[in-house]
Amino acid sequence: MDGKHMQIGEVAARTELSLRTIRHYEETGLVTPSARSQGGFRLYTETDVARLMVIRRMKPLGFTLDQMRDLLDATDRLDADAALGAEEREALLERVRAYQREAAAQVEKLRVQLSRAEDFEGTLRARLEQDVQAAGG
C-alpha cells in the first residue's frame with residue numbers, strides 16, 4: 001500500500017467518525033472508498049477524508065442524508081467538469097449558495113441556544129455561590 005491511501009481505521013481517527021458511521025455513509029452512497037487492498041480492505045484518499053469532513057460538518061446542522069448527497073453532487077460536478085456551460089455552472093453554484101445560507105441560519109440558531117445555555121449555567125453557578133456564602137459566612 002502506498003502512502004496515498006489510508007485504511008478505514010486511520011480515516012476514522014482523522015475524521016472522528018466511527019467505523020460504523022463511515023460504513024453507513026458508504027452504504028448510503030455519500031462516500032465510496034477510492035480503492036480496495038488486495039485483502040479487500042477499504043482504502044481512502046485525502047479527497048475521501050475531505051468528503052467525510054463535509055458530511056461530518058453538515059450533520060450537527062440538521063442536514064439530511066439527501067441534502068448531503070445533493071450538496072456533494074453539486075460540488076463534485078463543479079470540481080470535475082471544467083466544460084460546464086455557464087448556465088449549468090451558475091445553477092450548481094446557486095445550489096451551493098442555498099446550502100451556505102441554510103448553514104448560516106443554523107449557526108445563528110446554535111449561537112442563540114449557546115447563549116441561553118451559558119446564561120442558564122451562569123444562573124446555576126451564581127445560585128451555588130450564594131448558597132456557599134450563606135453557609136460559610
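The first residue in the sequence is number 1, and the count goes up from there.
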For the [atom1] atom of [X] and the [atom2] atom of [Y], what is their distance to the nearest 0.5 Å?
| X | Y | atom1 | atom2 | answer |
| --- | --- | --- | --- | --- |
| Lys4 | Thr47 | NZ | OG1 | 11.5 Å |
| Arg77 | Leu72 | CZ | CG | 13.0 Å |
| Leu93 | Glu88 | CG | CD | 11.0 Å |
| Gln133 | Leu128 | CD | CG | 11.5 Å |

Val11: which of Thr45, Ile22, Leu43 passes side-chain contact (heavy atoms from CB on, under 4.5 Å):
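That would be Ile22.
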Glu102 side chain to Gln106 side chain, donor-acceptor N/O pair below 3.5 angstrom
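Checked: Glu102/Gln106 side chains pair up, N/O donor to acceptor below 3.5 Å.
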Under-4.0 Å salt bridge between [X] and [Y]:
| X | Y | result |
| --- | --- | --- |
| Glu121 | Arg125 | yes |
| Asp73 | Arg69 | no |
| Arg23 | Glu26 | no |
| Arg111 | Glu118 | no |

Report whether [X] and [Y] are members of the same hydrophobic cluster (ILVMFWY, side-chain heavy atoms less than 4.5 Å apart, transitive linking).
| X | Y | result |
| --- | --- | --- |
| Val112 | Leu61 | no |
| Leu52 | Phe41 | no |
| Leu110 | Phe120 | no |

I would like to know whether Arg89 and Leu92 meet side-chain contact (heavy atoms from CB on, under 4.5 Å); could you show each step before the answer?
CA-CA 5 Å; Arg89 177 173 290 286; Leu92 291 169; 5.7 Å; no
Can you tell me if Arg101 has over 12 outside heavy atoms packed within less than 6.0 Å of its CZ?
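Yes.
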Of all the heavy-atom pairs spanning [X] and [Y], show the shortest one and how long it is.
| X | Y | result |
| --- | --- | --- |
| Tyr99 | Met58 | CD2-CE, 4.4 Å |
| Val31 | Asp48 | CG2-O, 4.2 Å |
| Met53 | Arg14 | SD-O, 4.5 Å |
| Ser18 | Ala12 | C-CB, 4.5 Å |
| Pro33 | Tyr44 | CG-OH, 3.6 Å |

Step by step, work out the side-chain contact (heavy atoms from CB on, under 4.5 Å) result for Gln67 and Leu71.
CA-CA 6 Å; Gln67 289 172 312; Leu71 175 62; over 6 Å; no
Do side-chain atoms of Arg95 reach the backbone of Asp70 as a donor and acceptor pair under 3.5 angstrom?
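Yes, Arg95 side chain to Asp70 backbone: donor-acceptor pair under 3.5 Å.
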Dump the intermediate steps for side-chain contact (heavy atoms from CB on, under 4.5 Å) on Asp76 and Arg51, then the final yes or no.
CA-CA 10 Å; Asp76 287 348; Arg51 188 176 185 88; 2.7 Å; yes
Candidate pair Glu90 and Arg97, rule salt bridge (charged side-chain N to carboxylate O under 4.0 Å, His left out), full reasoning:
CA-CA 10 Å; Glu90 185 53 37; Arg97 285 185 200 106; 2.7 Å; yes
Check step by step if side-chain contact (heavy atoms from CB on, under 4.5 Å) holds for Arg42 and Gln7.
CA-CA 6 Å; Arg42 295 167 174 87; Gln7 290 189 1; over 6 Å; no
Is any side-chain heavy atom of Tyr25 closer than 4.5 Å to a side-chain heavy atom of Leu65?
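Yes - at least one pair of side-chain heavy atoms lies under 4.5 Å apart.
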